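Residue numbers begin at 1 in each chain, while the letters A, B, ... track the order of the sequences. Predicted, not measured: the structure shown is a model, and the values here were computed from it.
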Number of protein chains: 2
Amino acid sequence: MLTRRALLDSALHVFAASGFEAASTRTIAAGAGVRQSQLTYHFDSKDVLWRAAVDHLFGRFDHELIAAIEPGPDDPASLFARSIRALVRAVSRLPELNRIMVHEATGDSERLAWIVESHVRARFEQLETLWRALRASGATTLDAEPVIIYYTILGAASLLYVNAAEARRLVRSDPSHDVIDDALIEAHADTLVAMLLGPSRPSARARTVKRG
Amino acid sequence: MLTRRALLDSALHVFAASGFEAASTRTIAAGAGVRQSQLTYHFDSKDVLWRAAVDHLFGRFDHELIAAIEPGPDDPASLFARSIRALVRAVSRLPELNRIMVHEATGDSERLAWIVESHVRARFEQLETLWRALRASGATTLDAEPVIIYYTILGAASLLYVNAAEARRLVRSDPSHDVIDDALIEAHADTLVAMLLGPSRPSARARTVKRG
DNA sequence: GTCTATAATTAGATAGAC
DNA sequence: GTCTATCTAATTATAGAC
């Protein structure tokens with residue numbers, strides 16, 4: 001059962017880095033410190049492993065998301081702002097989820113159908129509800145269909161971390177210090193909240209982090 | 001030379017759909033209607049073909065971008081708004097570019113280094129200049145480092161089209177009509193401009209397109 | 001310039017010992 | 001539950017006829 005967990009963690013990273021087809025089961029096994037044949041013992045096939053790894057990944061993501069949300073008042077604007085901040089923090093800590101999504105969503109497939117119905121649709125509808133409450137409260141003047149809001153927010157929140165290797169090449173300055181640090185992540189969250197709700201909605205956490 | 005062009009177009013689609021490693025040279029050749037060995041005749045290797053396809057793709061993207069920009073006054077705010085609208089239109093018409101970028105940028109590599117220095121850095125600096133002019137004009141209250149602005153805007157503009165297959169599954173209603181149509185793209189551009197510059201900056205094109 | 005044929009490597013999956 | 005060894009099929013690249 002320990003091997004199983006090690007395989008899931010390794011699979012998560014390899015699938016995120018390479019996509020399903022380019023990911024080698026031997027590489028995944030090596031990352032877990034076991035032989036390739038262990039993989040078909042604990043999981044029936046590469047496809048079954050992929051689904052298990054994605055379930056595992058969404059579970060970890062939910063954990064990150066809950067850990068990242070700050071307490072605060074439950075009016076729609078505050079709730080929305082705190083949700084956006086938590087989203088930015090979670091995708092920055094677990095970029096593997098959004099990497100797997102872009103790998104799979106570039107074309108239609110059985111795997112995409114499965115991941116949409118198993119994991120994505122519920123989250124889409126959750127944001128839709130949050131957005132409708134925000135609109136009804138009058139806290140935003142933005143008006144667009146949910147699908148536009150969903151992909152605009154998710155893209156704005158995730159691309160910096162999905163493409164982190166590119167971002168590091170674009171702005172590399174001091175090699176000893178990662179440019180994608182907590183201060184940058186909080187500044188990013190601030191920017192996205194300001195874009196969606198207007199200026200002057202400081203977070204509780206922003207003041208405790210040094211700004212770059 | 002006609003075969004060469006056909007191979008480039010096919011390669012562009014296959015690399016965007018699958019990523020470099022998972023893309024098969026036989027599939028690319030089949031897409032161009034020729035044999036696999038033609039590929040090593042016109043290009044030395046899969047890697048050389050990839051670079052040529054990416055050059056070709058950025059060329060086509062520039063063409064889309066220029067075609068999508070509307071005439072208008074050249075004050076920073078108008079210039080910025082029209083640039084954002086053109087960006088949304090271009091990425092919607094050629095999502096292959098951003099798909100290839102996410103495939104490559106999930107991890108560091110020789111190919112990533114090449115694409116950043118050959119194509120991305122100049123565009124990054126172009127947006128940086130445009131952004132500084134906008135800031136100086138006082139047309140936005142948003143304040144963030146260029147790398148945050150770059151990935152927030154690009155992610156917000158591109159994810160809907162990069163993940164188009166997923167978006168179609170999320171909102172499928174009438175199967176005979178694509179949900180990602182011109183009206184949705186213009187509404188998306190409107191939303192992004194409003195997020196960056198505030199409400200009430202209608203485009204010339206928005207009024208000529210039926211809204212969903 | 002395009003083709004057929006194939007070499008060399010690697011992939012996922014399986015068999016069977018322990 | 002883990003291992004070694006191997007099967008079958010797919011991959012990129014190459015050789016050489018026309």
Side-chain angles (χ1 to χ4, degrees), chain A residues 1-57 96 99-100 103-104 106-107 109-115, chain B residues 1-57 99-100 103-104 106-107 109-112 114-115:
Chain A
M1 206 79 317
L2 213 130
T3 295
R4 192 185 155 88
R5 167 66 187 248
L7 280 170
L8 286 176
D9 278 322
S10 176
L12 181 162
H13 288 103
V14 177
F15 282 132
S18 313
F20 179 82
E21 327 234 319
S24 153
T25 55
R26 281 176 174 82
T27 303
I28 293 171
V34 299
R35 305 289 173 171
Q36 183 228 2
S37 52
Q38 291 292 80
L39 210 145
T40 46
Y41 175 78
H42 289 279
F43 307 92
D44 282 351
S45 68
K46 188 185 182 181
D47 197 79
V48 170
L49 169 67
W50 181 85
R51 281 168 163 78
V54 169
D55 285 340
H56 176 56
L57 179 54
E96 286 79 6
R99 285 180 190 151
I100 286 185
H103 274 127
E104 294 302 326
T106 50
S109 69
E110 253 322 299
R111 285 196 307 279
L112 179 62
W114 175 85
I115 205 170
Chain B
M1 207 78 322
L2 211 131
T3 295
R4 193 185 154 89
R5 168 65 188 250
L7 280 169
L8 286 176
D9 278 322
S10 176
L12 179 163
H13 288 104
V14 177
F15 282 133
S18 314
F20 179 82
E21 328 233 320
S24 155
T25 54
R26 280 177 175 80
T27 304
I28 294 170
V34 298
R35 306 287 173 173
Q36 183 226 1
S37 54
Q38 291 292 79
L39 210 146
T40 46
Y41 175 78
H42 289 279
F43 308 92
D44 282 350
S45 67
K46 187 184 181 181
D47 197 79
V48 170
L49 169 66
W50 181 86
R51 282 168 161 78
V54 169
D55 285 340
H56 176 56
L57 180 53
R99 286 183 188 148
I100 286 185
H103 275 127
E104 294 303 324
T106 52
S109 69
E110 254 319 301
R111 285 196 308 278
L112 179 62
W114 174 85
I115 205 169

So what does B:Ala23 touch, heavy atoms closer than 4.0 Å: a base, only the sugar-phosphate, or nothing? sugar-phosphate
Inter- and intrachain pairs under salt bridge (charged side-chain N to carboxylate O under 4.0 Å, His left out), touching residues 43-54 of chain A, at least two apart: A:Asp47-A:Arg51
Non-neighbouring partners of A:Ala6 that pass side-chain contact (heavy atoms from CB on, under 4.5 Å), sequence neighbours left out: A:Ala32
5' to 3' contact window, DNA chain C with chain A (heavy-atom distance under 4.0 Å): C:dA11 to C:dT14
Taking N or O atoms only and anything under 3.5 Å, show me the protein contacts with nucleotides 8-10 of chain D, one pair per line.
none

For DNA chain C, which residues of residues 31-49 of chain A approach it to below 4.0 angstrom with any heavy atom? A:Gln36, A:Ser37, A:Thr40, A:Ser45, A:Lys46
Output all residues satisfying side chain to side chain donor-acceptor pair (under 3.5 Å) with A:Arg5, sequence neighbours left out; order by chain, then residue number. A:Asp9
Which residues pass the salt bridge (Lys or Arg N to Asp or Glu O under 4.0 Å) test with A:Glu96, not counting sequence neighbours? none
Can you tell me which residue pairs pass the side chain to side chain donor-acceptor pair (under 3.5 Å) test with a partner in residues 30-42 of chain B, sequence neighbours excluded? B:Thr25-B:Gln36
Please list, chain by chain and in numerical order, all residues satisfying side-chain contact (heavy atoms from CB on, under 4.5 Å) with B:Ala17, sequence neighbours excluded. none
Which residues pass the side chain to side chain donor-acceptor pair (under 3.5 Å) test with A:Arg4, not counting sequence neighbours? none
Separation between CH2 of B:Trp50 and CZ of B:Arg111, rounded to the nearest 0.5 Å: 6.0 Å
Would you say A:Val54 and A:Trp114 make side-chain contact, with heavy atoms under 4.5 Å? yes
Rounded distance (nearest 0.5 Å) linking atom CG of A:Leu57 with atom NE2 of A:His13: 9.0 Å
